Amino acid sequence: MTIDRFDPAAADPRWQAVWDERQCFRADDNTARPRSFVLEMFPYPSGRIHIGHVRNYTMGDVLARTKRMQGFEVLHPMGWDAFGMPAENAAMEQGVHPGGWTRANIEAMKKQLKRLGFALDWSRELSTCEPDYYGHEQALFLDLYAAGLVYRKESAVNWDPVDQTVLANEQVIDGRGWRSGALVEKRKLSQWFLKITDFADELLDGLDTLEGWPEKVRLMQENWIGKSQGVEFAFAPLVPLMDPIRVYSTRPDTIFGASFVAVAAEHPIAQGLAATSPEAQAFIELCRSGGTTAAELETAEKLGFDSGLKVAHPFDAGITLPVYIANFVLMDYGTGAVFGCPAHDQRDIEFARKYGLPVIRVVADGDQTDPVFTGNEAYTGPGVVVNSRFLDGMTIDAAKAAVITRAESGGWGSGKTVWRLRDWGVSRQRYWGTPIPFIHCEVCGIVPVPKKQLPVILPDDVDFSVPGNPLARHPTWKHVDCPACGKPATRETDTLDTFVNSSWYFLRFASQPADRPFDPAGIAKWLPVEQYIGGIEHAILHLLYARFWTRALERIGLIGVKEPFASLFTQGMVTHETYQRRSTTTVHTTDASGSKSEEMTVEQWIEPAHVEKREDGKYYVKNTDDNVIVGRTIKMSKSKKNVVDPDDIIAQYGADAVRWFMLSDSPPERDLPWSEAGIEGCARFVQRLWRLFGQYDAGATGEDKALDRRRDQAVHAATADIAALGFNKAVARIYDLANAIDKARPSASRSAAIRTLLLLVAPMMPHLAEEAWAMIGGEGLIAEAAWPRPDPALLIEDEVTIAIQVKGKLRDTLTVAKGLPREELEALALASDKVQRALEGAEVKKMIVVPDRLVNIVA
RNA sequence: GCGGACGUGGCGGAAUGGUAGACGCCGGGGACUUAAAAUCCCCUGAGCUUGGCUCGUGUGGGUUCGAGUCCCACCGUCCGCACCA
């Protein structure tokens with residue numbers, strides 16, 4: 001007897017408990033099976049799982065479960081990226097302890113993840129805020145320090161004077177702190193840095209080996225690393241006592257087109273000038289006040305200040321160039337000074353035209369070689385060098401090489417590679433992070449904490465009632481004896497950037513001994529991660545830092561892998577329509593002219609749960625007659641209220657329907673629009689499958705060759721689709737097979753197809769699958785059953801449908817035996833009434849035959 | 001400005017240069033039911049002189065026997081980066 005409805009509320013927790021109890025998804029380090037490490041980016045424990053997590057982890061879960069059924073030993077772990085600002089904000093706003101807040105969030109979110117039935121190895125769960133994680137991180141940091149990859153230097157930071165803390169660039173909005181609203185100051189602080197620039201070349205070249213990564217992400221990293229090859233050289237000043245001005249250029253070939261030199265406002269020359277010239281001082285102030293947003297920069301005018309200084313052209317001391325302070329030159333790129341060649345650089349031509357400087361053509365534009373360059377558009381294309389003395393007639397590349405050779409032999413310059421990538425500043429004046437394991441001693445200087453004293457544990461008794469770093473003002477924590485000389489000393493009170501925590505967690509998942517960060521043999525077993533899945537927002541920072549840490553640990557001999565993630569998949573967002581109620585209200589204002597009342601239109605975001613579509617096809621606020629305006633479908637966000645809570649929908653539809661929705665319709669790399677109708681359709685399909693599985697009859701007899709064929713074709717296609725992460729296509733195959741089974745008469749073939757269908761949906765709808773597997777008498781758990789293998793013979797059709805075209809237009813189709821010879825196909829095509837009608841007696845000139853596919857008659 | 005992706009029914013989307021619109025959602029019609037829900041069946045790109053024909057994958061060209069797919073130019077949307085010398 002079968003039950004006519006599948007009840008997720010009862011079945012889901014029951015199977016989750018069985019998986020837990022049997023430790024089904026625990027990865028065995030000592031397996032003889034082939035291994036697969038499937039990993040999704042671990043979440044920040046903000047308090048609730050959001051729908052984006054559900055999509056991310058569902059994809060990884062389908063992959064992990066499928067791999068397991070295919071005979072792999074799968075490592076599919078989960079953990080918590082648990083340090084960070086939100087915990088401290090909660091502490092300040094709600095008076096709770098960051099640790100308590102974080103751990104409670106982890107408990108809540110873990111429950112939510114369990115409700116979705118993910119096949120995770122919880123025995124390896126880790127949380128970066130616990131000493132048994134961050135202590136090992138401190139040890140690794142000391143290893144990197146010993147290897148010379150960690151250093152300290154003075155560096156400018158964004159300082160919020162009210163909150164008394166350093167802000168990340170992303171936390172500075174229009175020059176003000178995002179929390180305090182105070183004007184952010186640039187302040188020089190001693191900061192800890194990781195030498196990621198030592199790996200710039202490796203990280204760049206390594207991108208070519210990452211064939212399993214999206215081209216887009218590789219390109220973004222390439223641009224971020226920003227390798228540029230050129231020459232750095234000096235312009236000799238005409239004033240004898242002044243230092244030469246060093247410039248950097250990627251276009252030394254245009255050196256004879258130079259008509260000015262420009263330095264940044266922060267350049268020593270500009271600063272020196274400001275000391276004596278109020279005008280220069282004022283101009284430098286003007287440069288500083290300029291905005292830095294993309295829009296402001298785009299429209300910003302090129303401005304300069306003539307310093308009155310002149311420098312000599314390196315190839316001809318008779319040519320002198322004026323030196324300007326310019327607002328478009330950046331101090332922190334290259335040397336903070338450039339030479340301007342207006343004819344072949346757009347910024348330079350705008351500047352030259354404004355200040356009446358010469359514009360000299362030195363690269364021929366086709367047959368245009370006139371030294372007098374007209375127009376306001378610089379020519380940056382290819383060409384032959386002209387008007388350039390010894391460079392004349394050379395290609396751009398040859399001229400570049402020639403200039404570099406002369407500069408090097410003349411001793412006034414050299415070829416140089418400049419990177420956009422900067423060393424990674426990891427100091428944060430925060431409590432809720434990994435304490436940096438160093439001690440400041442007045443006698444010995446900076447002293448690493450001896451490894452046997454690790455972990456340096458965060459104190460629990462901290463005070464958030466005033467702004468600033470609670471570690472720095474803690475009464476006792478920072479006072480220690482110097483490990484070197486034994487005299488009183490102080491601990492470093494900065495903590496590590498949270499991106500450090502996520503730069504090696506995948507190693508700790510693979511191997512977690514108590515006394516070391518990891519065991520190299522364990523790393524060798526599991527790494528690299530076979531498939532990594534997460535959001536595109538981590539394309540640069542996290543994914544670059546993780547690559548860097550892996551390479552750094554490899555260089556110092558701790559591990560044997562260079563790249564952590566063999567394949568990367570960046571999934572799209574879950575989106576939702578937005579809803580607004582528009583109403584008019586009367587606003588009373590009082591000002592100097594008296595008080596007045598005004599009608600104002602107010603738009604208010606409405607949650608999807610409060611919106612309903614009525615029979616007139618319009619949308620209303622539930623239980624009211626208020627119209628709802630349906631807005632754009634955008635990423636779910638609390639401010640737009642277009643969110644759905646995973647708990648609510650799991651309770652309403654069951655985990656399997658939610659998982660199925662996450663996989664259906666949209667390709668996984670694209671955005672997925674959430675809809676009520678869509679999830680209801682998924683829930684209906686769960687029930688439909690349940691009824692179909694209920695029709696399984698072990699004793700059925702008879703063969704249905706066509707259904708056998710459909711079955712194995714579906715297996716073949718769905719297997720390939722899942723391997724390629726084309727979940728939406730795999731879903732379509734499953735619908736197809738379900739439709740075919742529905743229509744088929746009872747037979748042994750039909751029962752076999754039902755069993756196969758059950759195996760195919762098992763990774764996607766694991767609870768339904770276990771319930772049905774038990775019902776049809778399957779052996780063990782379906783989570784541990786073998787993935788179906790198609791019979792190759794059944795994948796080959798014995799009949800094919802041939803398209804018959806006349807002059808490229810479809811006129812008829814014929815169903816014929818597979819492999820029918822060309823001549824017979826031609827004869828059959830010509831025999832068709834529809835073809836004859838389309839030909840209208842015209843003479844057949846040519847026939848194109850693609851065997852088993854089509855015939856095209858050209859008349 | 002530079003770089004990238006994308007543009008196909010009412011919607012999400014399928015389609016090794018070879019039958020465009022698989023599969024799902026929405027919608028319409030019908031069956032079952034006292035009724036509803038659930039379920040099942042049928043239809044569902046547009047137009048027309050509807051046993052069939054014409055048009056149709058952002059626009060305009062091109063290559064090809066044949067183009068959603070390849071090439072050129074343009075339009076639009078989205079994303080990333082950016083006075084990077």
Side-chain angles (χ1 to χ4, degrees), chain A residues 4-5 214-220 222-224 226-228 230 232 247-252 254 262 264 290 292-294 296-303 326-330 332-341 345-348 350-351 418-420 536-537 539-540 575 613 617 633 660-661 664-667 669-682 684-685 687-688 691 726 728-739 742 801-814 834 837-838 845-850 852-859:
Chain A
D4 61 348
R5 273 190 77 77
E215 194 56 42
K216 178 190 172 80
V217 175
R218 289 199 267 171
L219 206 72
M220 281 166 73
E222 188 182 323
N223 291 337
W224 184 265
K227 183 176 188 175
S228 129
E232 185 181 319
V247 298
Y248 174 73
S249 175
T250 54
R251 292 296 303 273
T254 65
T292 51
T293 66
E296 283 169 314
L297 290 176
E298 200 160 329
T299 51
E301 204 179 354
K302 305 285 172 285
L303 296 176
N327 67 344
F328 63 88
V329 181
L330 305 176
D332 56 4
Y333 187 81
T335 60
V338 297
F339 78 79
C341 176
D345 184 285
Q346 190 55 35
R347 282 173 327 199
D348 294 347
E350 286 172 32
F351 191 79
V418 167
W419 305 86
R420 212 187 85 101
I536 186 75
E537 67 275 16
I540 294 170
T575 59
K613 191 179 182 181
T633 300
W660 187 251
F661 185 97
S664 305
D665 292 354
S666 288
E669 69 278 9
R670 282 203 224 165
D671 288 352
L672 172 66
W674 177 267
S675 74
E676 190 91 355
I679 184 67
E680 275 168 10
C682 292
R684 274 200 300 275
F685 187 61
Q687 296 304 335
R688 187 177 152 212
R691 291 190 298 273
N728 58 322
K729 289 189 235 172
V731 160
R733 311 280 187 196
I734 288 169
Y735 274 116
D736 230 8
L737 181 59
N739 290 343
D742 248 344
T801 305
I802 307 278
I804 311 299
Q805 298 179 337
V806 176
K807 288 181 279 188
K809 289 198 176 188
L810 182 74
R811 294 299 168 183
D812 201 359
T813 58
L814 296 173
K834 290 173 183 172
R837 230 180 301 146
K845 288 185 191 142
K846 196 171 159 189
M847 290 182 82
I848 315 278
V849 181
V850 181
D852 296 335
R853 271 236 102 119
L854 67 63
V855 178
N856 187 12
I857 300 164
V858 185

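Every chain is numbered from 1 and lettered A, B, ... according to where its sequence line falls, protein lines coming before strand lines. Remember, it's a predicted structure, so these values are computed and weren't measured experimentally.
The two residues Leu810(A) and Thr813(A) have their closest heavy-atom pair at CD1-CG2, 4.3 Å. When all heavy atoms of Tyr248(A) and Gly230(A) are compared, the closest pair comes out as OH-N, 3.3 Å. Here the closest heavy-atom approach between residue Ser675(A) and residue Phe661(A) is recorded as N-CZ, 3.6 Å. For the pair Val329(A) and Ala264(A), the tightest heavy-atom approach, listed with the atom from each and the gap, is O-CB, 3.3 Å. In terms of heavy-atom proximity, Ile804(A) sits nearest to Ile857(A) at CG2-CD1, 4.5 Å. Heavy atoms only, all atoms of each residue included: Ser664(A) and Val731(A) are closest at OG-CG1, 3.7 Å.
Taking atom C1' in both U59(B) and C48(B), the straight-line distance is 26 Å, to the nearest Å. Across A37(B) and C43(B), the matching C1' atoms stand 24 Å from one another, rounded to whole Å. If you take atom P in A14(B) and the same atom in G9(B), they sit 13 Å apart, rounded to whole Å. Taking the P atom of each, U69(B) and U8(B) are spaced 13 Å apart, rounded to whole Å. With C1' as the reference atom, G13(B) and C26(B) are 14 Å apart, rounded to whole Å. Across the P atoms, A22(B) and C11(B) are found 15 Å apart, a figure rounded to whole Å. U39(B) and C25(B): their P atoms are spaced 11 Å apart (whole Å). Nucleotides A35(B) and U44(B), compared at atom P, are 29 Å apart to the nearest Å.
The distance from atom OH of Tyr735(A) to atom C1' of A14(B) is 15 Å, rounded to the nearest whole Å. Between the CG atom of Leu303(A) and the P atom of C83(B) there is a distance of 16 Å, given to the nearest Å. Atom C1' of nucleotide C84(B) and atom CG of Asp332(A) are separated by 10 Å, given to the nearest angstrom. Rounded to whole Å, atom C1' of C23(B) lies 13 Å from atom CG of Leu737(A). Look at OH on Tyr333(A): it is 12 Å from C1' on A82(B), rounded to the nearest Å. The CG-P distance, from Asp348(A) to A85(B), rounds to 11 Å in whole Å. A straight line from CG of Asn327(A) to C1' of A85(B) spans 14 Å, rounded to a whole angstrom. For the pair Leu810(A) CG and A20(B) C1', the computed distance is 11 Å after rounding to whole Å.
In this structure, the nucleotide among A85(B), C23(B), U19(B) sitting nearest to the side chain of Tyr248(A) is A85(B). Distance from the side chain of Thr813(A) is smallest for U19(B) among the nucleotides G3(B), A85(B), U19(B).
Among the heavy atoms of the strands, none lies under 4.0 Å from Thr335(A). At a threshold of 4.0 angstrom between heavy atoms, the contacts of Val247(A) with the nucleic acid are absent. Within the nucleic acid shown, Asn739(A) comes within 4.0 Å of sugar-phosphate atoms alone, with no base atom in reach, counting heavy atoms only.
Taking CZ from Arg670(A) and CG from Asp665(A), the interatomic distance works out to 12.0 Å, rounded to the nearest 0.5 Å. Rounding to the nearest 0.5 angstrom, the gap separating the OG1 atom in Thr801(A) from the CG atom in Asp852(A) is 10.5 Å. If you take CG on Asn739(A) and CD1 on Ile734(A), they are separated by 12.0 Å, rounding to the nearest 0.5 Å.
In the displayed structure, Lys807(A) atom NZ is contacted under 6.0 Å by at most 12 heavy atoms of other residues, nucleotides or ligands.
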Using a cutoff of under 3.5 Å, can you pull out all pairs of nitrogen or oxygen atoms linking the protein to nucleotides 10-13 of chain B, with atom names and distances?
| unit_1 | atom_1 | unit_2 | atom_2 | d |
| --- | --- | --- | --- | --- |
| G12(B) | O2' | Ser666(A) | OG | 2.7 |
| G12(B) | N2 | Asp665(A) | OD1 | 3.0 |

Taking only N/O atoms, report every protein-nucleotides 48-54 of chain B pair under 3.5 Å with atom names and distance.
| unit_1 | atom_1 | unit_2 | atom_2 | d |
| --- | --- | --- | --- | --- |
| U54(B) | OP2 | Arg811(A) | NH1 | 3.2 |

For nucleotides 35-39 of chain B, tabulate all protein N/O to nucleotide N/O atom pairs closer than 3.5 Å, reporting atom names and distance.
| unit_1 | atom_1 | unit_2 | atom_2 | d |
| --- | --- | --- | --- | --- |
| U39(B) | O3' | Arg691(A) | NH2 | 3.3 |

Quick test: give all pairs of protein nitrogen or oxygen and nucleotides 64-68 of chain B nitrogen or oxygen below 3.5 Å, distance rounded to 0.1 Å.
| unit_1 | atom_1 | unit_2 | atom_2 | d |
| --- | --- | --- | --- | --- |
| C65(B) | O2' | Asn856(A) | ND2 | 3.3 |
| C65(B) | O2 | Asn856(A) | ND2 | 2.6 |

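The side chain of Arg347(A) places an N or O atom within less than 4.0 Å of a non-bridging phosphate oxygen (OP1 or OP2) of C84(B). In terms of phosphate contacts, Asn223(A) brings no side-chain nitrogen or oxygen within less than 4.0 Å of OP1 or OP2 of C84(B).
Where Asp742(A) and Arg853(A) each meet RNA chain B at their nearest nucleotide, the meeting point lying more 5' is that of Arg853(A). Residues Lys216(A) and Phe328(A) both approach RNA chain B. Their nearest nucleotides, taken by heavy-atom distance, put Lys216(A) toward the 5′ side.
Looking at Lys729(A), its side chain has no donor and acceptor atom pair within 3.5 Å of the base of C23(B).
In this structure, G76(B) is classed as anti because its glycosidic torsion departs from zero by more than 90°.
Checked options Asn856(A), Val855(A), Val858(A); the residue passing with Met847(A) is Val855(A) (criterion: side chain to side chain contact (heavy atoms under 4.5 Å, CB included)).
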Base-pair string, RNA chain B, Watson-Crick plus G-U, cut-off 3.5 Å on both distances, | for inter-strand, is (((((((..(((.....[....))).(((((.......))))).((((...))))..(((((..]....))))))))))))....

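Among residues two or more places apart in sequence or in another chain, the side chain to side chain donor-acceptor pair (under 3.5 Å) test is passed with Glu232(A) by Arg246(A), Lys416(A).
Contact of the Asp348(A) side chain with the Phe328(A) side chain is registered, since non-hydrogen atoms from C-beta on lie closer than 4.5 Å.
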